Every structure is written in C-alpha cells, then in structure tokens.
2 protein chains.
Amino acid sequence: MPPPPVSAEFKSDVDQVLEAIIYLYTESRRLTKELARRADLTGPQLTVVKMLEQIGDLSLSELSERIRAQNSTVTGIIDRMERENLVTRERSKEDRRVVYIRLTAKGRKLAEEIPVEPMEIFRGALESLSAAEVRDLVKILGKVARRVRQSVRRETAEGDSGKG
Amino acid sequence: MPPPPVSAEFKSDVDQVLEAIIYLYTESRRLTKELARRADLTGPQLTVVKMLEQIGDLSLSELSERIRAQNSTVTGIIDRMERENLVTRERSKEDRRVVYIRLTAKGRKLAEEIPVEPMEIFRGALESLSAAEVRDLVKILGKVARRVRQSVRRETAEGDSGKG
DNA sequence: CGGCATTATTTAGCGTGCGAAATATCCGTC
DNA sequence: GACGGATATTTCGCACGCTAAATAATGCCG
C-alpha cells in the first residue's frame, strides 16, 4: 500500500496551511497515543499522568482546564485511571466540593518510566527551526489566531442575540 | 465571566506556536460544530453533506480518506445520516464490495441552505494575511511537518522491529 | 439562621474515533 | 472453476468529548 502522493503543487497556499495544521495536530495526538500504548495507557491518561508528575496534585477543574477538556470528560478519564489504580481522588478539607487528583505509587512509577513528554517530537521539530523562522511562525500564527477569534466573536454574537 | 488573559509574554516561542496550532484546530472544529447545530447536524455530518454536495457521490472509502477518519468511523456517521434520511447507500454494480454514499433530496436541500463552508472563518483569517506572510507560513509549517514526519518514522521503527 | 445564587463535580445520553476481527467480494493463478 | 490473497465495508468493544441536568457544598445577604 504505497502512501498517496499528496501532490501539494495543485493546492492553494491556504489549503496547504490548513493541511499542515491539521496534520500537525492529529499527528501529535497520534504520537501521544503511540507513546501511551507502550505503557498500557491511552493518550489522555498519559497526559494526565505526566501533568500530575510535574505539577503535583490538581483539582479536577484545574486538570480539565489544563488539558482543555470539559469537567465531565475528565471525570470519565479519572474514573478509568482510578479503576487501574493510577490515581486517587481526595476530597479537599477546606472546600468539600473540590476533589484533588493524586498519583498513586503505581502511577508515579509509570510516569517516571515514560522517558519523553507527550508532544516531545512536535516540540523537537519546532525547536529545529531557526530563530527567525520561529519568530515568523509565532507572529503569523498569532495573527491568524487573533483574526479567527474576532470572527468567532462576531459569528456567535449573530447566532445568539440578533443583529444577524 | 471575563476571558482569561493569556499573558503570552511568559511562554516560550515554541509553546506559543503549539498553543496557536491547538487553538486553531480546536476552534475550527468548534466552528464547524456550531454551524452544524443550526441545521440540526453534527460537525462530521455537516462536513459529509458539504463534501457530497460539491464532489458528488463518493464511496465510503473515498469519503473516509477525505475526512481523514477510519472506515469504521465513517460507517457509523453514515448510519446515523441514513437514519435521518440525509443520505442513501447504493451498492456499486461494477464492484459489489463498494458502497456509494449519495445525498437525498433532503440532504441536498440542507447542504444548499448552509451558506458557508465549514472552515470558512478559518480560511478567511488565512486569506487576510499578506502574500509574503502566507508564503512564509507555508514554508515554515511545511518544514515542521516534514521534521515531524521524519521523527515519527524513526519512533515507530524503534517501537516495532528493534534497535530501541 | 434561612434562602438563594454560585461553584465543583458527577451522571446520562449521544456521537465520534480507533483497532481488531468478521463478512463479502474481487482477482490472479492453477 | 476452486483457492488463496487482497480489498471494501461492517461489527464490536472501548475511550474520549460534548451538552444538559442532577447533586453537593459554599458564601452571601438580609
């Protein structure tokens, strides 16, 4: 099964940028997943384990903020990790609504055994760029992100209150 | 609920690039989903409807290749779309293994009613860049993607055959 | 103190998304 | 024309990932 030659010369610049971003994002997820599988973890579980190792205990909300997922999503992830004895839940004493997620010994051991952070390859590729290239990339991508954010704000305002 | 000020000046360039890419990707998905909801569709369903409208009938494999998902994933999406009477499955006469996915009248009408393509905002933001900026972006992102691809090949080779 | 909006987490329901195995069909070869 | 390897699709089981609603605890205000 030969890989399909993407024939980029027939695509517009915009399409190429889109494709690169989609590729980079999905590939980074695939990589995390690949790495995780060697430790019998899933992608998100590896992310959580590494995060707890580096930062220490986190409340569920803090955790979901950092991995950019909804609380309800993280609840499920933590459920499964608790089942596998990788983390424990501990009610906060100051605010009994809060649950802290803590690595178990097993979880910590696992985290230490995994040599690279998730996204390491991704990061490595970015770091192999020249300083000027990184600067340009930051500048241009930042600009794109800002414009998207503006358009989004306009879009959602239309769909919601009126004026559309 | 004020949006959290991201304070980008404390992040490394690499982190900023990562963050921008993640933001752009997830935002583009969120936008598609948002758009879709107005037509009572899900994100992937909107993508499929628009794709079939523009390209015409596609086999399930062609479809899954274009939306970058596994066949098994697309089978499920098409199942639900068929249930909603948006598409039909038709066995190919030449090769009876192949199933063509075709828009129903209802599906086509829906596709026509949705004014913007998915990713339109995303595309608009990219098009608002200067030609030079787009050129740079294509060049640098392409380079990053190539390096990632190389590292990936190395990684997976290690994990598989040996030498790791 | 009692009520009430707010906040943290969980539950429920649904739709992806994947990998592996099952099914059906095609194709080349004998 | 049967056989065996390839190809297209589906089925199965599991893990996200989301929204909306439920639950539990906090803090404020009178």
Side-chain angles (χ1 to χ4, degrees), chain A residues 1-2 4 22 25-27 29-34 36-37 40-49 57-84 86-101 118, chain B residues 1 22 25-27 29-34 36-37 40-49 57-84 86-101 118 156 160:
Chain A
M1 185 188 3
I22 292 173
Y25 181 87
T26 54
E27 193 59 39
R29 296 237 309 188
R30 190 187 312 279
L31 282 169
T32 302
K33 207 169 162 185
E34 179 72 22
R37 223 162 44 118
D40 267 312
L41 294 176
T42 66
Q45 287 174 6
L46 172 53
T47 305
V48 168
V49 156
D57 302 357
L58 286 172
S59 78
L60 191 128
S61 302
E62 289 165 343
L63 197 51
S64 42
E65 206 173 300
R66 282 177 192 267
I67 71 176
R68 292 162 184 277
Q70 299 303 114
N71 286 345
S72 54
T73 300
V74 178
T75 293
I77 294 171
I78 297 302
D79 281 351
R80 289 177 288 271
M81 291 179 75
E82 214 176 6
R83 196 175 63 204
E84 298 297 326
L86 296 168
V87 297
T88 57
R89 281 180 163 93
E90 299 193 21
R91 279 272 167 217
S92 162
K93 299 231 159 96
E94 300 91 45
D95 185 342
R96 286 163 46 78
R97 291 170 303 181
V98 174
V99 171
Y100 284 107
I101 316 299
Chain B
M1 184 189 1
I22 291 172
Y25 181 86
T26 54
E27 194 58 39
R29 296 239 307 188
R30 189 187 313 278
L31 282 169
T32 302
K33 206 168 160 185
E34 179 73 22
R37 223 162 44 118
D40 267 313
L41 294 175
T42 66
Q45 286 174 5
L46 171 54
T47 305
V48 167
V49 157
D57 301 358
L58 286 173
S59 77
L60 191 129
S61 302
E62 289 165 343
L63 196 51
S64 42
E65 207 173 301
R66 282 178 192 266
I67 72 177
R68 292 163 184 277
Q70 298 304 114
N71 286 345
S72 53
T73 300
V74 178
T75 292
I77 294 170
I78 297 302
D79 282 351
R80 289 178 288 270
M81 291 180 76
E82 212 177 6
R83 195 175 65 204
E84 298 298 325
L86 297 168
V87 297
T88 57
R89 280 181 164 94
E90 297 193 22
R91 280 272 169 218
S92 162
K93 298 227 160 97
E94 299 93 44
D95 185 341
R96 288 164 44 78
R97 291 169 303 180
V98 174
V99 170
Y100 283 107
I101 315 300
T156 50
D160 223 16

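Within every chain, numbering begins at 1; the chains are lettered A, B, ... in the order of the sequence lines, protein sequences first and strands thereafter. This structure is a prediction, so every number in the text was calculated from the model and none was measured.
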The side chain of [X] is closest to which nucleotide in this list: [options]?
X: A/S72; options: D/dC18, C/dG17, C/dA24; result: D/dC18
X: B/D79; options: C/dG17, D/dC18, D/dT11; result: D/dT11
X: A/R80; options: D/dT26, D/dC16, D/dT10; result: D/dC16
X: A/R97; options: D/dC18, D/dT26, D/dT7; result: D/dT26
X: A/V99; options: C/dC18, D/dG17, C/dT10; result: C/dT10
X: B/T42; options: D/dT11, C/dT16, D/dC18; result: C/dT16

Nearest 0.5 angstrom please: [X] [atom1] to [Y] [atom2], how far?
X: A/T88; Y: A/D57; atom1: OG1; atom2: CG; answer: 7.5 Å
X: A/E62; Y: A/I67; atom1: CD; atom2: CD1; answer: 12.5 Å
X: A/I78; Y: A/M81; atom1: CD1; atom2: CE; answer: 5.5 Å
X: A/T47; Y: A/R29; atom1: OG1; atom2: CZ; answer: 9.0 Å

Checklist entry - So, does the side chain of B/R96 form a donor-acceptor pair with the base of C/dT25 at under 3.5 Å? => result no
Is the phosphate of [N] approached by [X] (side-chain N or O, under 4.0 Å from OP1 or OP2)?
X: A/Q45; N: D/dC16; result: yes
X: A/R89; N: C/dA8; result: no
X: B/R30; N: D/dG17; result: no

Roughly, in whole Å, what's the span from [atom1] in [X] to [atom2] in [N]?
X: A/R68; N: D/dC16; atom1: CZ; atom2: P; answer: 19 Å
X: B/D95; N: C/dC26; atom1: CG; atom2: P; answer: 5 Å
X: B/K93; N: C/dC26; atom1: NZ; atom2: P; answer: 14 Å
X: B/K33; N: D/dC16; atom1: NZ; atom2: C1'; answer: 12 Å
X: A/R29; N: C/dT16; atom1: CZ; atom2: C1'; answer: 11 Å
X: A/E94; N: D/dG27; atom1: CD; atom2: P; answer: 11 Å
X: A/L63; N: D/dC16; atom1: CG; atom2: P; answer: 12 Å
X: B/I77; N: C/dC14; atom1: CD1; atom2: C1'; answer: 13 Å

Checklist entry - For B/R37 and A/I67, take the nucleotide of DNA chain D holding the closest heavy atom to each; which residue's nucleotide lies nearer the 5' end? => result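 Nearest nucleotide further toward 5': that of A/I67.
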Heavy-atom check, side chain of [X] versus side chain of [Y], under 4.5 Å:
X: B/R91; Y: B/V99; result: yes
X: B/L86; Y: B/L41; result: yes
X: B/R30; Y: B/K33; result: no

Checklist entry - Is a donor on one side and an acceptor on the other found under 3.5 Å between the side chain of B/R89 and the backbone of B/Y100? => result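 No.
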Checklist entry - Paired stems touching DNA chain C, three or more consecutive Watson-Crick or G-U pairs with both distances under 3.5 Å? => result C:1-30 with D:1-30
Next on the checklist: Both B/E84 and A/T73 contact DNA chain C. Which one's nearest nucleotide lies toward the 5' end?
Outcome noted: A/T73
Item to check | Nearest-nucleotide 5' precedence on DNA chain C, B/R83 against B/Q70 | outcome: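 Its nearest nucleotide being more 5', the pick is B/R83.
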